Structures are given as C-alpha cells and as structure tokens.
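Here the structure comes first, spelled out in structure tokens, and everything after it is commentary.
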Amino acid sequence: LYFIVNRPGYQKNTKNSDKMMRRACTAMPVARRMAAAPCAAVVAARPASTVAISVQGLHYVGTGLAAIALAGVGLGIGTIFGNLLVACARQPNMTRMLFNYAILGFALTEAIGLFALMLAFLMLFS
C-alpha cells in the first residue's frame with residue numbers, strides 16, 4: 001500500500017489507483033491463498049507481531065510518573081526541617097520566628113504534594 005501511494009507519477013483521483021486500492025483492501029486472506037496455491041514447500045503463516053497497549057496500562061504509567069513528585073515533596077520537607085534545626089542551633093533566640101517560617105514552608109511544600117497526589121488519583125481512576 002505504501003508503494004502504491006508513493007510511486008512516481010501517482011495521481012490521487014485516477015480510476016487505476018482506485019482499482020488498485022480496492023484490490024489491495026479486498027485481497028484473499030493468506031490462509032486461503034496458501035491452501036489454493038499448489039506449492040511443494042508450504043511455509044506456515046506466522047501471526048503478525050502487534051503491541052497491544054491498554055488504556056488502563058497507560059493510567060498506571062501516568063500515576064507512577066505523578067508519584068515521582070511525591071518523592072520530591074518528601075525531600076523538600078526533610079530539607080526544610082533539617083535547616084530549621086541548624087538555624088535554631090545557630091540562633092536559639094530566633095527559634096519562634098524560624099519555626100513559623102518552617103511551618104509556612106512545610107504547608108506550601110505539602111500543598112504541592114497534595115496536588116501531585118490528586119493528579120495521580122485522577123489519572124488512575126478517570
């Protein structure tokens with residue numbers, strides 16, 4: 001079919017090309033041709049190799065990719081509180097203010113994680 005369409009001098013709306021296309025589409029199945037052809041060496045028909053991709057499988061892939069963001073959120077929250085401990089050890093008199101900033105950073109980072117989790121569940125169950 002590719003050869004028919006891409007041959008030199010091919011016009012799209014000619015009678016000859018329409019006839020060739022019809023002939024290619026309505027050809028006899030391979031099993032019948034092999035049974036009808038008297039041949040000394042009969043070769044068994046090999047099934048075509050196809051890759052079946054299901055939509056549910058793609059949902060699982062998307063969910064796994066969205067879950068990667070949750071690992072980044074975990075690293076971010078660990079970094080926030082690890083740096084809070086370092087900052088409180090350096091300046092103990094600013095512990096109250098630093099804790100407020102850490103809680104704000106934790107809330108924003110956790111919000112990103114919740115959005116990523118929501119997106120993963122939407123991909124999985126929609």
Side-chain angles (χ1 to χ4, degrees):
L1 189 59
Y2 179 79
F3 175 74
I4 294 171
V5 174
N6 292 327
R7 70 172 189 223
Y10 172 75
Q11 278 88 27
K12 204 168 198 178
N13 294 325
T14 61
K15 288 183 186 179
N16 197 16
S17 66
D18 289 340
K19 190 185 296 181
M20 291 173 89
M21 289 293 286
R22 246 183 275 124
R23 191 178 303 146
C25 292
T26 60
M28 194 179 346
V30 175
R32 281 193 200 160
R33 279 186 297 205
M34 290 184 69
C39 215
V42 177
V43 179
R46 189 177 73 178
S49 172
T50 59
V51 177
I53 298 175
S54 68
V55 175
Q56 186 65 30
L58 293 177
H59 284 205
Y60 290 142
V61 170
T63 303
L65 291 174
I68 293 173
L70 298 176
V73 169
L75 289 172
I77 291 172
T79 303
I80 288 171
F81 285 107
N83 287 334
L84 172 68
L85 290 175
V86 170
C88 288
R90 286 185 179 188
Q91 294 184 341
N93 58 347
M94 295 185 70
T95 302
R96 182 68 130 172
M97 188 183 71
L98 291 172
F99 184 74
N100 289 338
Y101 285 142
I103 291 298
L104 178 66
F106 167 75
L108 294 175
T109 307
E110 188 66 25
I112 293 172
L114 290 175
F115 289 143
L117 188 64
M118 178 187 66
L119 185 68
F121 282 140
L122 280 174
M123 280 191 270
L124 185 61
F125 296 116
S126 67

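Quick note: numbers below take in every heavy atom, side chains included, and nothing from hydrogens, waters or symmetry partners. Note that the coordinates shown come from a computational prediction; the quantities given were computed from them, not determined experimentally.
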Open item on the list: Taking transitive links into account, so neighbours of neighbours count too, which hydrophobic residues share a cluster with L114 at under 4.5 Å side-chain distance?
Closed with: none
Open item on the list: Which residues pass the side-chain contact (heavy atoms from CB on, under 4.5 Å) test with A120, not counting sequence neighbours?
Closed with: T63, A66
- [ ] Any pair with a residue in residues 107-126 that passes ring pair (Phe, Tyr, Trp, His ring centres under 6.0 Å), sequence neighbours left out, goes on the list, sorted by first then second residue, please.
- [x] none
- [ ] Sort and list the pairs that fulfil side chain to side chain donor-acceptor pair (under 3.5 Å) and have at least one residue in residues 94-104, not counting sequence neighbours.
- [x] none
- [ ] Find out if a path of hydrophobic residues (ILVMFWY) with successive side-chain heavy-atom gaps under 4.5 Å connects I112 to L70.
- [x] no
Open item on the list: Return the CG to CG distance between L122 and L117, rounded to the nearest 0.5 Å.
Closed with: 10.0 Å
TODO: For residues A102 and L84, report the shortest heavy-atom separation together with the two atoms involved.
DONE: CB-CD2, 3.8 Å
Task: Apart from L85 itself, residues in the same hydrophobic cluster as defined by side-chain heavy atoms under 4.5 Å - done: none
Open item on the list: Under 4.5 Å between side-chain heavy atoms, counting indirect links through other Ile/Leu/Val/Met/Phe/Trp/Tyr residues: same cluster for L58 and L124 or not?
Closed with: no
Task: Under 4.5 Å side-chain linkage, directly or through intermediates, the cluster mates of L65 - done: V61, I68
Open item on the list: Tell me the closest heavy-atom pair linking C88 and L98, and the distance in Å.
Closed with: N-CD1, 4.2 Å
Per-pair distances, 0.1 Å, donor-acceptor, side chain in residues 74-83, under 3.5 Å, sequence neighbours excluded:
unit_1 : atom_1 : unit_2 : atom_2 : d
T79    : OG1    : L75    : O      : 2.8
N83    : ND2    : T79    : O      : 3.3

Open item on the list: Restricting to side-chain contact (heavy atoms from CB on, under 4.5 Å), what partner residues turn up for L119, sequence neighbours left out?
Closed with: M123
Open item on the list: Distance check, rounded to the nearest 0.5 Å: T109 atom OG1 versus L104 atom CG?
Closed with: 9.0 Å
